[in-house]
Enquirer: 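Dropping the structure in here first, questions after.
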Amino acid sequence: MGSFAELTIGRYPISSTKNYYHQWYFRKKDRVIRIRPKAQRNTLIWPAAEPSEQHEEETDYLYVCSGTMLRRRLELAGFNRETLEREFKECIASRIASREEMALQDHEWAKDYTLPIPILKASSLDDWLKALKKAVDERIPSWGWDDVKDKYSDPLLHLLFSHDKFIDEPSIHDTGFPCTTLESMAVAMLEIMPAEVECVLDITDLIGGGWTDSFEDLIEYHQDHTTFYEVFATAIADTRSLIDFAPQNITLARLLFANVITAMETYLSDTLKKQVLTRVAINRRFVQTNEAFKEKIVVQDIFRKLEGLNEEIVQVIDMMSFHNLDKTTGLYKSVLDTQFPSTTMAELKKAVEVRHDIIHRNGKTTQGKAIEVSMQDVVRLIEVVDTTIQHIDKQIKDGLLDDDKGEDN
């Protein structure tokens, strides 16, 4: 069946797309995650909730702006009442001409097409806007017209919902309102709505169907931590459970001590990789500041290089030693503009040295002295590493939406 994105103004649907969406005149900063009871569904685009579900909550993923803001964006793009008037006149003329042409056909069925001609000739834009307002006020969607049409005598209201794709101009909006662009349809809606009416692009169905992940950063932003911190926290929770399992096992204590540092490295590596691969500005900064990308290339090879750039970036990051804290702190500062906490660095560096001896020298120092690590040392290391990672993670999470800064209103 697929999933749909719905564009509404004042909760009235004017356009929809299946299995994809066009951001149109909405901005990334317009995104909203809204939790509401099922009883508050917009039943012009969603089925009504069952009586037993009325108080259950569900989440909407929306782009939302005011009518004033949308009108301004449309105006800046060249769409206003004047362009609506022009499209309206062109559409009415086209509909009259196509029906007059049908009148030349010597067939009984052709007569039905000519009946609206006098109505079209006598109608003005204001007349059509009045009919559109009637439809909006009484919440009559295009798909529900057949069920209620016998209640209404206004001929323009009937024409509004009887757009004939066979002889009328093509349209990308959901009604038979005489205009050809979605922009002018929006202008028409804004003409009959309050200035601050809510304009919404609802992509909830697309996200639920897996057709887009465009709210992923916003979802993560509204959580307490990033996804990679949650992965780190799970690894630390597993380590804590093993501490309780054998609190006096010295060999296990060494392994767990090293494992805490490994969990930190994994967080640092995965976080850097995701930020670099998913954000254009950070991607550029990483390439421009990394020695691995200082090779000279000929102009003819630029596109070939770009095609394989992300793969090269992954290889470079995978080769990095994130337990080298001097390099890692510099990398995070220069690429992610993220600081490590100064209060934990001395203790953390010492722990990394201990971890190196555990892994590479069988738990002995360079002088051959056995390293003593207790479960209390592991607990203390967990506290230090968790403090460090939370400090970093907060900065990463706070910067998730920074890409909005370059957008116009």
Enquirer: In terms of side-chain heavy atoms, does Thr289 have a donor or acceptor partner in Ser334 at a distance below 3.5 Å?
Expert: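 Checked: Thr289/Ser334 side chains show no N/O donor-acceptor pair below 3.5 Å.
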Enquirer: Would you say the side-chain atoms of Asn283 pair up with the backbone N or O of Leu277, donor to acceptor, closer than 3.5 Å?
Expert: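 No; judged by distance alone, with no hydrogens or angles, the pair does not exist.
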Enquirer: Working to the nearest 0.5 angstrom, can you tell me the gap between Phe215 CZ and Asp60 CG?
Expert: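 So the CZ of Phe215 and the CG of Asp60 are separated by 10.0 Å.
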Enquirer: Does a side-chain heavy-atom distance below 4.5 Å link Phe322 with Thr271?
Expert: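 Result no, sub-4.5 Å side-chain heavy-atom pair not found.
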Enquirer: Please tell me whether Thr180 and Glu90 have a donor and an acceptor in their side chains that are separated by less than 3.5 angstrom.
Expert: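 Result is no, nothing qualifies.
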Enquirer: In Å and rounded to the nearest 0.5 Å, what is the CG to OH distance from Asp30 to Tyr25?
Expert: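 Reported value, rounded in 0.5 Å steps: 14.0 Å.
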Enquirer: Using modelled atom types and a 3.5 Å cut-off, is there a donor and acceptor pairing between side-chain atoms of Arg254 and backbone atoms of Val373?
Expert: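 No.
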Enquirer: Indicate yes or no: at least one non-hydrogen side-chain atom of Thr328 is less than 4.5 angstrom from one of Leu268.
Expert: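 Sidechains of Leu268 and Thr328: in contact.
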Enquirer: Do you see a donor-acceptor pair shorter than 3.5 Å between the side chains of Asp238 and Ser241?
Expert: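 Their side chains do not contain a donor-acceptor pair, so the 3.5 Å distance test is not met.
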Enquirer: Test your reading of the model: is there a side-chain donor-acceptor pair from Arg284 to the backbone of Ala281, 3.5 Å cut-off?
Expert: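 No; judged by distance alone, with no hydrogens or angles, the pair does not exist.
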Enquirer: Looking at Arg36 and Glu57, does any basic side-chain N land under 4.0 Å from a carboxylate oxygen?
Expert: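 Looking at Glu57 together with Arg36, the answer is no, because their closest N to O distance does not fall below 4.0 Å.
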Enquirer: Whether the His323 and Glu265 side chains hold a donor-acceptor pair (N or O, under 3.5 Å, no angle test) is what I'd like checked.
Expert: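 There is such a pair (donor and acceptor under 3.5 Å, judged by atom type) between the side chains of His323 and Glu265.
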Enquirer: Scan side-chain atoms only and decide if Tyr229 and Asp386 contain a donor-acceptor pair under the 3.5 Å cut-off.
Expert: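 Asp386 and Tyr229 do have a side-chain donor-acceptor pair below 3.5 Å.
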Enquirer: Can you tell me if NE2 on His55 sees more than 12 non-hydrogen neighbours from other groups inside 6.0 Å?
Expert: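 Incorrect, the count does not exceed 12.
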Enquirer: Do Glu312 and Phe293 have side chains that approach each other closer than 4.5 Å (heavy atoms only, starting at C-beta)?
Expert: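 Glu312 vs Phe293: side chains touch.
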Enquirer: Any heavy-atom pair between the side chains of Asn310 and Val314 that's under 4.5 Å?
Expert: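 With C-beta onward as the side chain, the pair stays apart.
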Enquirer: Side-chain contact test, heavy atoms from C-beta onward, threshold under 4.5 Å: evaluate it for Pro178 versus Phe88 and give yes or no.
Expert: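 Yes; the side chains approach each other to less than 4.5 Å.
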Enquirer: So if I apply the salt bridge (Lys or Arg N to Asp or Glu O under 4.0 Å) rule between Arg41 and each of Glu58, Glu6, Glu53, Glu56, which one comes out positive?
Expert: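 By the salt bridge (Lys or Arg N to Asp or Glu O under 4.0 Å) criterion, Arg41 pairs with just one of Glu58, Glu6, Glu53, Glu56: Glu58.
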Enquirer: Please determine whether a side-chain nitrogen of the Lys or Arg among Arg71 and Glu191 lies less than 4.0 Å from a carboxylate oxygen of the Asp or Glu.
Expert: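 Yes.
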Enquirer: How many angstroms lie between atom CG of Leu74 and atom CZ of Phe79, to the nearest 0.5 angstrom?
Expert: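 The distance works out to 8.0 Å.
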Enquirer: Grab the two heavy atoms, one from Trp143 and one from Thr43, that are nearest each other, plus how far apart they are.
Expert: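 So the two residues come closest at CZ2-O, 3.9 Å.
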Enquirer: As a quick check of understanding, evaluate side chain to side chain contact (heavy atoms under 4.5 Å, CB included) for Leu156 and Leu160, giving each step before the final call.
Expert: CA-CA 6 Å; Leu156 288 186; Leu160 185 66; over 6 Å; no
Enquirer: Can a donor-acceptor pair be found between the side chains of Asp377 and Ser374 at a distance below 3.5 Å?
Expert: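 The criterion, which ignores hydrogens and geometry beyond distance, is satisfied for Ser374 and Asp377.
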Enquirer: How about NZ on Lys134, more than 12 heavy atoms from neighbouring residues, nucleotides or ligands closer than 6.0 Å, or not?
Expert: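 Incorrect, the count does not exceed 12.
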Enquirer: Is Glu216 paired with Lys274 through a side-chain N to carboxylate O contact shorter than 4.0 Å?
Expert: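 The answer is yes: the pair qualifies as a salt bridge.
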Enquirer: Starting at OG1 of Thr239, measure out to CG of Asn259 and round the result to the nearest 0.5 Å.
Expert: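 The CG atom of Asn259 is 4.5 Å from OG1 of Thr239, to the nearest 0.5 Å.
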Enquirer: Does one side chain, of Gln395 or Tyr332, offer a donor that lies under 3.5 Å from an acceptor on the other?
Expert: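 Distance-only check fails for Gln395 and Tyr332.
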Enquirer: Can a donor-acceptor pair be found, under 3.5 Å and without considering hydrogens, that links the side chain of Thr226 to the backbone of Asp393?
Expert: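 Side chain of Thr226 to backbone of Asp393, a donor-acceptor pair under 3.5 Å: no, none is there.
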Enquirer: Apply the test side chain to side chain contact (heavy atoms under 4.5 Å, CB included) to residues Leu325 and Met345: give CA-CA distance (whole Å), side-chain angles for both, the deciding distance (0.1 Å), then the verdict.
Expert: CA-CA 8 Å; Leu325 292 178; Met345 292 309 296; 4.0 Å; yes
Enquirer: Is a side-chain N or O of Lys18 found less than 3.5 angstrom from the main chain of Phe4, in a donor-acceptor match?
Expert: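 Between the backbone of Phe4 and the side chain of Lys18 there is no qualifying donor-acceptor contact (under 3.5 Å).
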Enquirer: Using modelled atom types and a 3.5 Å cut-off, is there a donor and acceptor pairing between side-chain atoms of Ser98 and backbone atoms of Arg95?
Expert: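 Looks like yes, one N/O pair under 3.5 Å.
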Enquirer: Determine whether a donor-acceptor pair (N or O, by modelled atom type, separation under 3.5 Å) exists between the side chain of Asp205 and the backbone of Gly208.
Expert: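 No, because the side chain of Asp205 does not come within donor-acceptor range (under 3.5 Å) of the backbone of Gly208.
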Enquirer: Do Tyr63 and Trp24 have side chains that approach each other closer than 4.5 Å (heavy atoms only, starting at C-beta)?
Expert: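 Side chain of Tyr63 against side chain of Trp24, heavy atoms only: no contact under 4.5 Å found.
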Enquirer: Examine distances only and state if a side-chain atom of Arg139 and a backbone atom of Asp137 form a donor-acceptor pair shorter than 3.5 Å.
Expert: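 Side chain of Arg139 to backbone of Asp137, a donor-acceptor pair under 3.5 Å: no, none is there.
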Enquirer: For the pair Lys273 and Asp318, find out whether any cationic side-chain nitrogen is under 4.0 Å from an anionic carboxylate oxygen.
Expert: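 Here Lys273 pairs with Asp318 in a salt bridge, since their nearest N and O are under 4.0 Å apart.
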Enquirer: Are Arg81 and Asp126 within salt-bridge range, i.e. N to O under 4.0 Å?
Expert: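 A salt bridge links Arg81 with Asp126.
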Enquirer: Can you tell me how far SG of Cys65 sits from NZ of Lys29, rounded to the nearest 0.5 angstrom?
Expert: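 Result: 10.0 Å between the selected atoms.
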Enquirer: Does atom NZ of Lys397 have more than 12 heavy-atom neighbours from other groups under 6.0 Å away?
Expert: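 Check passes, neighbour count above 12.
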Enquirer: Look up atom OG in Ser184 and atom CD in Glu82, then write down how far apart they are to the nearest 0.5 Å.
Expert: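 If we round to the nearest 0.5 Å, Ser184:OG and Glu82:CD are 11.0 Å apart.
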Enquirer: Quick one: does any side-chain atom of Arg11 pair with a main-chain N or O of Leu44 as donor and acceptor, under 3.5 Å?
Expert: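 Not a single qualifying donor-acceptor pair exists.
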Enquirer: One thing to verify: whether Lys394 and Asp398 come together as a salt bridge, which I'm taking to mean a side-chain N less than 4.0 angstrom from a carboxylate O.
Expert: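 Yes.
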Enquirer: Without swapping roles, check the side chain of Arg355 against the backbone of Ile261 for a donor-acceptor pair under 3.5 Å.
Expert: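 Side chain of Arg355 to backbone of Ile261: no pair is present.
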Enquirer: Using the side chain to side chain contact (heavy atoms under 4.5 Å, CB included) rule, take Asp127 and Lys130 through it: C-alpha gap first, then chi angles, then the decisive distance, then the call.
Expert: CA-CA 5 Å; Asp127 294 332; Lys130 184 179 178 181; 5.7 Å; no
Enquirer: Side chains of Tyr61 and Thr212 only: does a donor on one sit below 3.5 Å from an acceptor on the other?
Expert: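 No, no side-chain donor-acceptor contact under 3.5 Å.
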Enquirer: Does any non-hydrogen side-chain atom of Asp202 lie less than 4.5 Å from one of Trp46?
Expert: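 Counting from C-beta outward, Trp46 and Asp202 do come under 4.5 Å.
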Enquirer: How far apart are the closest heavy atoms of Leu252 and Ala246, and which atoms are they?
Expert: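 Nearest heavy atoms, Leu252 then Ala246: CD2-CB, 3.8 Å.
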Enquirer: Quick test of your reading of the model: are Arg72 and Glu75 salt-bridged, counting only N-O distances below 4.0 Å?
Expert: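 No, Arg72 and Glu75 are not salt-bridged.
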Enquirer: Taking the side chain as every heavy atom from C-beta outward, state whether Leu190 and Val187 have any pair of such atoms under 4.5 Å apart.
Expert: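 The answer is no; the side chains never approach within 4.5 Å.
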